[in-house]
Trainee: 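Dropping the structure in here first, questions after.
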Amino acid sequence: MSNKLRGAVIGVGYLGKFHAQKYKNNPNVELVGVCDHFPAQADKIAMELGVKSFHKPQDLIGHVDLVTIAASTLSHFELAKLFVENGVHVNVEKPITATVQQAEELLALAEKKECESGRRAYRKIQPGDQ
């Protein structure tokens with residue numbers, strides 16, 4: 001049994017592609033797959049990295065321990081909430097959400113569900129990186 005965290009990246013445009021590459025090369029993470037609103041983009045990056053392509057974020061539930069959300073800012077809250085509600089740790093590209101109210105709600109939910117979010121989630125896979 002592997003001690004690696006199972007990860008995925010949601011939103012694999014310019015920045016998300018870099019996140020996926022970092023997960024793929026991280027010895028602490030098994031990159032399960034990538035997901036994008038545009039199926040062709042998810043398929044392209046998945047093929048480049050040799051991982052599975054997902055076209056719906058909810059299809060990752062049960063297959064991942066953590067995700068990085070690098071989709072458009074307006075989708076950050078709903079995507080992060082979906083994963084936190086399901087006990088998945090989230091790392092969200094800046095800004096964490098579109099509004100302060102959404103950020104506060106998301107962080108409260110993460111605390112309640114005992115999920116790491118933001119920088120603290122990143123430390124789960126890069127313990128020495130501050």
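Because the structure is predicted, anything quoted here is derived from the model rather than measured.
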Trainee: Hey, does Val88 have a side-chain heavy atom less than 4.5 Å from the side chain of Leu60?
Mentor: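 No, every pair of side-chain atoms sits at 4.5 Å or beyond.
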Trainee: If you round to the nearest 0.5 Å, how far is CG of Leu109 from SG of Cys115?
Mentor: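 Nearest 0.5 Å value for the SG-CG distance: 7.5 Å.
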Trainee: Can you check whether Val84 reaches Leu106 side chain to side chain, under 4.5 Å on heavy atoms?
Mentor: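 Yes - at least one pair of side-chain heavy atoms lies under 4.5 Å apart.
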Trainee: I'd like to check Ile61 versus Phe83 (side-chain heavy atoms, cut-off strictly below 4.5 Å). Are they in contact?
Mentor: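 Yes, their side chains come closer than 4.5 Å.
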Trainee: Could you report the tightest heavy-atom contact between Gly7 and Val29, atom names first, then the distance?
Mentor: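 Nearest heavy atoms, Gly7 then Val29: N-CG1, 4.1 Å.
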Trainee: Nearest 0.5 Å please: distance from the CD atom of Gln101 over to the CZ atom of Phe77.
Mentor: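 Result: 8.5 Å between the selected atoms.
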Trainee: Can you give me the closest heavy-atom contact between Ala70 and Gly16, atom names plus distance?
Mentor: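 The pair with the smallest heavy-atom distance is CB-CA, 3.6 Å.
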Trainee: Verify, without hydrogens or angle tests, whether Asn26 (side chain) and Asn28 (backbone) share a donor-acceptor contact under 3.5 angstrom.
Mentor: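 Confirmed, Asn26 side chain pairs with Asn28 backbone.
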Trainee: Going hydrophobic residue to hydrophobic residue with side-chain gaps under 4.5 angstrom, can you get from Val90 over to Leu15?
Mentor: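 No, Val90 does not connect to Leu15 through the hydrophobic network.
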Trainee: Determine whether His76 and Gln102 make a side-chain contact, defined as any pair of heavy atoms from C-beta on separated by less than 4.5 Å.
Mentor: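 No; the side chains remain at least 4.5 Å from each other.
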Trainee: Any donor and acceptor pair, going by atom type alone, linking the side chain of Asp36 with main-chain N or O of Val12 inside 3.5 Å?
Mentor: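 Looks like yes, one N/O pair under 3.5 Å.
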Trainee: To the nearest 0.5 Å, what is the distance between CD (Glu48) and NZ (Lys24)?
Mentor: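 Atom-to-atom, Glu48:CD and Lys24:NZ are 12.0 Å apart.
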Trainee: For Ser53, what residues pass the side chain to side chain donor-acceptor pair (under 3.5 Å) criterion, not counting sequence neighbours?
Mentor: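 Applying side chain to side chain donor-acceptor pair (under 3.5 Å) to Ser53 gives Asp43, His55.
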Trainee: In terms of heavy-atom contacts, does CD of Glu111 have more than 12 from other residues, nucleotides or ligands at under 6.0 Å?
Mentor: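 No - once you tally the heavy atoms of other residues, nucleotides and ligands closer than 6.0 Å, there are 12 at most.
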Trainee: Can a donor-acceptor pair be found, under 3.5 Å and without considering hydrogens, that links the side chain of His89 to the backbone of Asp65?
Mentor: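 No: the side chain of His89 does not pair with the backbone of Asp65.
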Trainee: The test is side chain to side chain contact (heavy atoms under 4.5 Å, CB included); show your working for Tyr23 and Leu49 and say whether it passes.
Mentor: CA-CA 10 Å; Tyr23 275 1; Leu49 297 174; over 6 Å; no
Trainee: Start with the C-alpha distance between Ile96 and Leu107, add both sets of side-chain angles, then the distance that settles side chain to side chain contact (heavy atoms under 4.5 Å, CB included), and finish with yes or no.
Mentor: CA-CA 10 Å; Ile96 189 168; Leu107 294 173; 4.2 Å; yes
Trainee: Can you name the closest pair of heavy atoms from Gly33 and Phe54 and give their distance?
Mentor: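 Distance-wise, the nearest heavy atoms are CA-CE1, 4.0 Å.
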Trainee: Compare every heavy atom of Val92 with every heavy atom of Ala80, then report the nearest pair and how far apart it is.
Mentor: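 Here Ala80 and Val92 meet closest at CB-CG2, 4.2 Å.
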Trainee: Can you confirm whether Lys56 is buried at NZ, in the sense that more than 12 heavy atoms of other residues, nucleotides or ligands lie under 6.0 Å from that atom?
Mentor: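 Count not over threshold, so no.
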Trainee: Atom CD1 in Ile45, atom SG in Cys35: separation rounded to 0.5 Å?
Mentor: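 So the CD1 of Ile45 and the SG of Cys35 are separated by 13.0 Å.
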Trainee: Say you draw a straight line from CD of Glu85 to NZ of Lys113; how long is it, rounded to the nearest 0.5 Å?
Mentor: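 Atom-to-atom, Glu85:CD and Lys113:NZ are 7.0 Å apart.
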Trainee: How long is the span from the OG1 atom in Thr73 to the NZ atom in Lys94, to the nearest 0.5 Å?
Mentor: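 Atom-to-atom, Thr73:OG1 and Lys94:NZ are 11.5 Å apart.
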Trainee: Kindly give the heavy-atom pair with the smallest separation between Tyr14 and Phe18, and that separation in Å.
Mentor: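 Heavy atoms of Tyr14 and Phe18 come nearest at O-CD1, 3.2 Å.
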Trainee: Mind listing the closest non-hydrogen atom pair of Val34 and Ala20 along with its distance?
Mentor: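 What the structure gives for the nearest pair is CG1-CB, 3.9 Å.
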Trainee: Kindly determine whether Lys52 and Val32 satisfy side chain to side chain contact (heavy atoms under 4.5 Å, CB included), including the steps that lead there.
Mentor: CA-CA 7 Å; Lys52 188 171 179 183; Val32 171; 5.7 Å; no
